[in-house]
Amino acid sequence: MLIYLNGKFVEKEDAKVSVFDHGLLYGDGVFEGIRSYDGCIFKLDEHLERLYNSAKYIVLKIPLEYEEMKKAVIETVKVNKLKNVYIRLLVTRGDGTLGLAPWTCDTPNVIIIADTIELYPKEYYEKGLKVITASTRRTGVDAFNARVKSLNYLNNILAKIEAKIAGVLEAFMLNSEGYIVECTGDNVFIVKNNTLYTPPVYQGALRGITRDCVMEIAEKLGYRVVEQPFTRFEVYIADECFLTGTAAEIIPVIQADDRQIGDGKPGKTTKKLITEFHKITKTDGTMIC
Ligand code: PMP
């Protein structure tokens, strides 16, 4: 496996950064998770746009111009001779001193890894996921804007641990007002009377690229799509619920906090969206050629 590290391709064993990298010391950096389907890097421009916006928000100057970065991502997939792959792109603050101060870090580290990922075992796409509501809250937008895809995931990790302890794979995360914001690594949708609801990003959710894509597909299929805050009440009485994310794609949720959602099986709208989503993953992006 060849890893892109600051302009060079190096073997996995040699892909190393300093212990003084503030990405490691403080989680100071940004990242993207991207997918390639049959040689098509799905929504690459959207991911790169989010990466550059995230970096801008944390005052991190990415040392590559946009087109150079795009080329580097494509090359990483190409040199590894892969067509179906998960791409992890990271930009860390770089090496500095032991204090917080980011201005001690001269040059950000740019890392691109092309590998596989399995967020949830395959069977859950057929039978649906069970989730709990975590007591760990999503970071409020007043503390740090959730639209930034940063290397700080500790509260999401704590929520994931809560899910594991409860014997399920995923957890809803609430904001400080008790509205459901998203899951630990996915956005959330509910379906009620043929209308799709998803929490607005101002509630503290990442603006997921899969989320945007699903909203577009649903509208094309004739569904009403509403970005509206909702609580656990709306989830418990929903007809359907599903999660979206680059790694997860679209995954049905059939139980929340031990309560059955709808008829306890993946719903027809969710299934329709999954089918439509897979129709565009091989075309809606940048082809590796
Ligand atoms: N929310 C969080 C917290 C995430 O980390 C992710 C990405 N794994 C998502 C939502 C989904 O975003 P996307 O569809 O862009 O992958």
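Just so you know, ligand 1 is whichever comes first in the structure, and atom 1 is the first atom listed for that ligand. As the structure is a prediction and not an experimental result, all values here were calculated from the model.
- Among protein heavy atoms, the minimum distance from atom 7 (C) of ligand 1 is reached at K149 NZ, 3.2 Å.
- In summary, the atoms of ligand 1 found under 4.0 Å from a heavy atom of N156, numbered by their order in the structure, are 3 (C).
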* Could you go through the side chain to side chain contact (heavy atoms under 4.5 Å, CB included) check for I217 and M215 one step at a time? => CA-CA 6 Å; I217 295 172; M215 288 166 77; over 6 Å; no

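- At a heavy-atom cutoff of 4.0 Å, ligand 1 is contacted by the backbone of T184 but not by its side chain.
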* Output, in order, the C-alpha distance, side-chain angles, deciding distance and verdict of side chain to side chain contact (heavy atoms under 4.5 Å, CB included) for C183 and V253. => CA-CA 11 Å; C183 284; V253 175; over 6 Å; no

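- Every atom of ligand 1 with a heavy atom of G245 under 4.0 Å away is listed here by number and element: 11 (C), 14 (O), 16 (O).
- Near G208, with a cut-off below 4.0 Å to any heavy atom, the atoms of ligand 1 are 12 (O), 13 (P), 14 (O), 15 (O).
- The ring-ring contact (aromatic ring centres under 6.0 Å, His included) pairs that include a residue from residues 114-147 are Y57-F144, where partners are two or more places apart or lie in different chains.
- Judged by the 6.0 Å and 45° rule, R259 forms a cation-pi pair with Y236.
- Which parts of ligand 1 touch R138 is read off a 4.0 Å heavy-atom cut-off, strictly below it: atoms 3 (C).
- Taking hydrophobic clusters as Ile, Leu, Val, Met, Phe, Trp and Tyr residues chained together by side-chain heavy-atom distances below 4.5 Å, V181 does not share a cluster with Y153.
- Annotation for ligand 1: atoms under 4.0 Å from non-hydrogen atoms of T246 are 13 (P), 14 (O), 15 (O), 16 (O).
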